[in-house]
Number of protein chains: 2
Amino acid sequence: MPETGVDGRTSPTPLRVPEPTVERLSTYLQFLYSAAASGLTTISSAHVESATAVSAAQFRKDLSYFGEFGKPGVGYVISELQGRISRILQLHETQPVILIGLGNLGAALLSYPGLTEQRFEVVAAFDIDPKKCGRTVQGVPVYALSDLLTECARLNPRIAILAVPGLAAQQTFDLAYQTGIRAILNFAPAVLKVPAGVTVRNVSFTQELAVLSYHIKTDQLDS
Amino acid sequence: MPETGVDGRTSPTPLRVPEPTVERLSTYLQFLYSAAASGLTTISSAHVESATAVSAAQFRKDLSYFGEFGKPGVGYVISELQGRISRILQLHETQPVILIGLGNLGAALLSYPGLTEQRFEVVAAFDIDPKKCGRTVQGVPVYALSDLLTECARLNPRIAILAVPGLAAQQTFDLAYQTGIRAILNFAPAVLKVPAGVTVRNVSFTQELAVLSYHIKTDQLDS
DNA sequence: TAGATTGTTAATCGATTAACAATC
DNA sequence: TAGATTGTTAATCGATTAACAATC
């Protein structure tokens, strides 16, 4: 049921998009790059199914939340689909991102080439340790945490990568929120309390390993 | 409906456990550590709800897949619950893990203290670059990729962290599979094809950022 | 045209939530 | 005992899958 606006007309894309769908869009983009690299100009939902873990029906259903993308009997033009998915994910223009916490993990992220490839630009890094500040790492200027407000006023980022210790995570987020940050990639082992309108994605290596650990125990029994 | 074994008796825990439940077990464990650290000896499902993003009903339901853990009217004894969840996740004893790919990310993972804290021990690292091999990084011996079979025969790991380039991911997995690896924490931007009985968890920073990017675009509209 | 493949609707599946009898 | 809180069942919700008319 499409929502009806105040003017009585039905608006075009107001269906709530399931979170798993948004996650898969990124997978599709990755697949499209490799398909293009292998010389194809067109793909079908069946291609997607055979190259990814996503079914053809799921792929079509996911795209349907955003409009029509293909031609019956033909499939999808790769370059067009790339462009439209990029736009949906707001990846068609470079996104400024800040990094908070320049420990081992934070430093490794700065040298990760994938970020730039996907149009994310780390425009500033912050650390509480004064010894780390005032220089540049991988071309990214490092500031004291106390400069967060000033620098964010200038750079106006919406996304922050949080790579601080668990105990510092909440207070660091609270500070970042004041500067206008509304999305957090959280590497800290902590559950953040955030106001409505803020999106958090947690990355926990130990959680992932725990799930693997559970499965190697359990799955051996059946085989 | 509990499964019935060949002897006709019903076996105790044969209900399939939903994947989200397994993921949350790790969250509960993290919460229990901090609850214990704050001096508590007992918690209730209501405590869990107020400290995590998980509802009280969800918490009780999750635990119910594995038996009974609490006392009505009282709650759960923290130390006991920790022990039992640790055991379910096979985290009560140290798990050997190997790391394949010693680039920036791989090296950062080796210096990440969280792994040891959760009883994962990286027992060997492997890289295709001979210049990186034959030494020790963070106390972990680094071998040539060609030594994978030999070393794994000795160390007998089941879990591998895959931190290699996307194009090398599949062939590296295939090799690791031969050595007995049955669980993969995959950092490579690639969809792995794996035999039945193998568990893969994908970690993709750019995918996470893409999801955040989508939300900062979309969620601003409602507020 | 015949074959292929889309976008969408309806059916299925599975996970989350609510409610409550049991019990400490 | 009265109050609190569990474990479980039933109801709800939402996502995935299957099927197919539309169409290139």
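Here is how names work: the chains are called A, B, and so on, in the same order as the sequence lines, proteins then strands, and each is numbered from 1. Reckoned from all heavy atoms, side chains included, excluding hydrogens, waters and symmetry mates.
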Quiz prompt | Crowding at CG, A:Leu155 (>12 non-hydrogen neighbours, <6.0 Å) | solution =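 More than 12 heavy atoms, drawn from other residues, nucleotides or ligands, come within 6.0 Å of this atom.
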Self-check item: ring-ring contact (aromatic ring centres under 6.0 Å, His included) evaluation trace for A:Phe187 with B:Phe205
Solution: CA-CA 10 Å; A:Phe187 288 88; B:Phe205 307 139; 5.4 Å; yes
Exercise. Step by step, work out the side chain to side chain donor-acceptor pair (under 3.5 Å) result for A:Gln170 and A:Asp174.
Key: CA-CA 6 Å; A:Gln170 184 65 51; A:Asp174 294 342; 3.0 Å; yes
Quiz item: Just to confirm, is there a sub-4.0 Å distance from OP1 or OP2 of D:dT17 to any side-chain nitrogen or oxygen of A:Gln58?
Solution: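 For A:Gln58, the contact criterion (side-chain N or O under 4.0 Å from OP1 or OP2 of D:dT17) is met.
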Quiz item: For D:dG14, does OP1 or OP2 lie under 4.0 Å from any side-chain N or O of A:Arg16?
Solution: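 Checking D:dG14 against A:Arg16, no side-chain N or O comes under 4.0 Å of OP1 or OP2.
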Practice problem: Find the distance between CD (A:Glu208) and CG (B:Asn186) and round it off to the nearest 0.5 Å. | Solution: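 Here the interatomic distance stands at 11.0 Å.
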Practice problem: Evaluate ring-ring contact (aromatic ring centres under 6.0 Å, His included) for B:Tyr76 paired with B:Phe59, printing each intermediate quantity in order. | Solution: CA-CA 12 Å; B:Tyr76 304 83; B:Phe59 175 73; 5.3 Å; yes
Self-check item: Canonical and wobble pairing (Watson-Crick, G-U, under 3.5 Å) of DNA chain D, dot-bracket with |
Solution: ..||||||||||||||||||||||
Practice problem: Check the distance between D:dG14's P and A:Tyr65's OH and give it to me in whole angstrom. | Solution: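 For the pair A:Tyr65 OH and D:dG14 P, the rounded distance is 11 Å.
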Quiz item: Atom CG of A:Asp62 and atom P of D:dA18: how far apart are they, to the nearest Å?
Solution: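 It works out to 15 Å between those atoms.
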Exercise. Salt-bridge test for B:Glu23 and B:Arg201: reply yes if a basic N is under 4.0 Å from a carboxylate O, no otherwise.
Key: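 Salt bridge flag = yes for B:Arg201 with B:Glu23.
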Quiz item: For every nucleotide of nucleotides 2-10 of chain C, 5' to 3': is a protein heavy atom under 4.0 Å from its base (B), only from its sugar-phosphate (S), or from neither (-)?
Solution: --BBBBBB-
Quiz item: Between B:Ser213 and A:Gln90, does a side chain to side chain donor-acceptor pair (under 3.5 Å) hold up when you go through it step by step?
Solution: CA-CA 6 Å; B:Ser213 179; A:Gln90 200 72 3; 6.0 Å; no
Quiz prompt | Student check: side-chain heavy atoms of B:Ile128 and B:Val164 closer than 4.5 Å | solution =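 No. Closest side-chain heavy atoms not under 4.5 Å.
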